[in-house]
Amino acid sequence: MALTLRAAAAAAAGPTRGLRRLFSTSFIPPMNSPAPQAREKAEPSTNLFVSGLSKRTTSEKLQEAFSQFGEVVHARVVTDRVSGYSKGFGFVRYATLEDAGKGIEGMDGKFLDGWVIFAEYARPRQPPPPLENNMSPPYSRY
DNA sequence: AGTGAGCGA
């Protein structure tokens with residue numbers, strides 16, 4: 001009985017497979033479409049995305065480490081809202097673009113708390129929330 | 001999940 005049911009299910013899902021090598025009209029070569037959220041390096045900004053962090057690295061240690069190469073205005077290790085544990089990446093904002101550049105040169109590929117970290121320009125943040133009916137925007141707007 | 005690439009109240 002059960003075998004019959006399984007066989008029927010397999011038969012229903014099995015056939016018509018392996019003939020789909022026809023010329024699909026979607027042979028669009030990957031041309032350089034400037035996707036806004038591409039996985040490439042973002043354009044220079046004062047804000048850096050830092051990944052590869054140790055789970056024990058805090059925002060304070062992040063700021064300390066990056067302050068060697070410029071004036072750090074803000075540094076944050078991203079943590080889980082409920083567990084409070086680090087997600088292993090964070091953001092560092094420098095006062096100027098040249099400090100940010102020096103920060104990348106000085107910290108990218110370096111060790112921090114035993115882990116090789118990666119520093120790069122952060123992409124622009126979330127799309128602006130529609131504040132039409134709501135007058136409770138976040139407090140921290142960096 | 002203290003699992004290892006990633007783009008955040």
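By convention in this document, chain letters (A, B, ...) are assigned in the order of the sequence lines, proteins followed by strands, and residues within each chain are numbered from 1.
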### Query
What parts of residues 115-122 of chain A reach DNA chain B, counting only heavy atoms under 4.0 Å away?
A:W115, A:E120, A:Y121, A:A122

### Query
Can you name the salt bridge (Lys or Arg N to Asp or Glu O under 4.0 Å) partners of A:K102, sequence neighbours left out?
A:D99

### Message
So, using salt bridge (Lys or Arg N to Asp or Glu O under 4.0 Å) as the criterion, who are the partners of A:D108 when residues are at least two apart?
### Response
none

Round to a whole Å and report the spacing from [atom1] of [X] to [atom2] of [N].
X	N	atom1	atom2	value
A:K41	B:dG6	NZ	C1'	16 Å
A:F91	B:dA9	CZ	C1'	12 Å
A:L53	B:dG6	CG	P	15 Å
A:R123	B:dC7	CZ	C1'	6 Å
A:R125	B:dG6	CZ	P	20 Å
A:R76	B:dG6	CZ	P	22 Å
A:K87	B:dC7	NZ	C1'	10 Å
A:L48	B:dG8	CG	P	16 Å

### Message
On DNA chain B, compare the nucleotides closest to A:K55 and A:N47; which residue's is nearer the 5' end?
### Response
A:K55

### Message
Quick check: on DNA chain B, is the nucleotide nearest A:R56 upstream (toward 5') of the one nearest A:F89, or the reverse? Name the residue that is more 5'.
### Response
A:R56

#### Entry: Residues A:E60 and A:T58: side-chain donor-acceptor under 3.5 angstrom
yes

### Task
Check the pair A:F91, A:L48 against side chain to side chain contact (heavy atoms under 4.5 Å, CB included), reporting the backbone distance first and the verdict last.
CA-CA 5 Å; A:F91 297 87; A:L48 302 188; over 6 Å; no

### Summary
Applying side chain to side chain contact (heavy atoms under 4.5 Å, CB included) to A:S59 and not counting sequence neighbours gives A:R76, A:V77

### Query
Hydrophobic clusters join Ile, Leu, Val, Met, Phe, Trp and Tyr when side-chain heavy atoms are under 4.5 Å apart, directly or via other members; which others share one with A:V82?
none

### Task
Tell me what A:D80 touches on the nucleic acid: a base, only sugar-phosphate, or nothing, going by heavy atoms under 4.0 Å.
nothing

### Query
When we call it a touch if two heavy atoms are under 4.0 Å apart, what does A:G90 touch: a base, just sugar-phosphate, or nothing?
nothing

### Summary
Which of B:dG6, B:dG2, B:dA9 is nearest the side chain of A:Y85? It is B:dG2

### Message
Can you list everything that forms a ring pair (Phe, Tyr, Trp, His ring centres under 6.0 Å) with A:F89? Sequence neighbours excluded, please.
### Response
A:F49

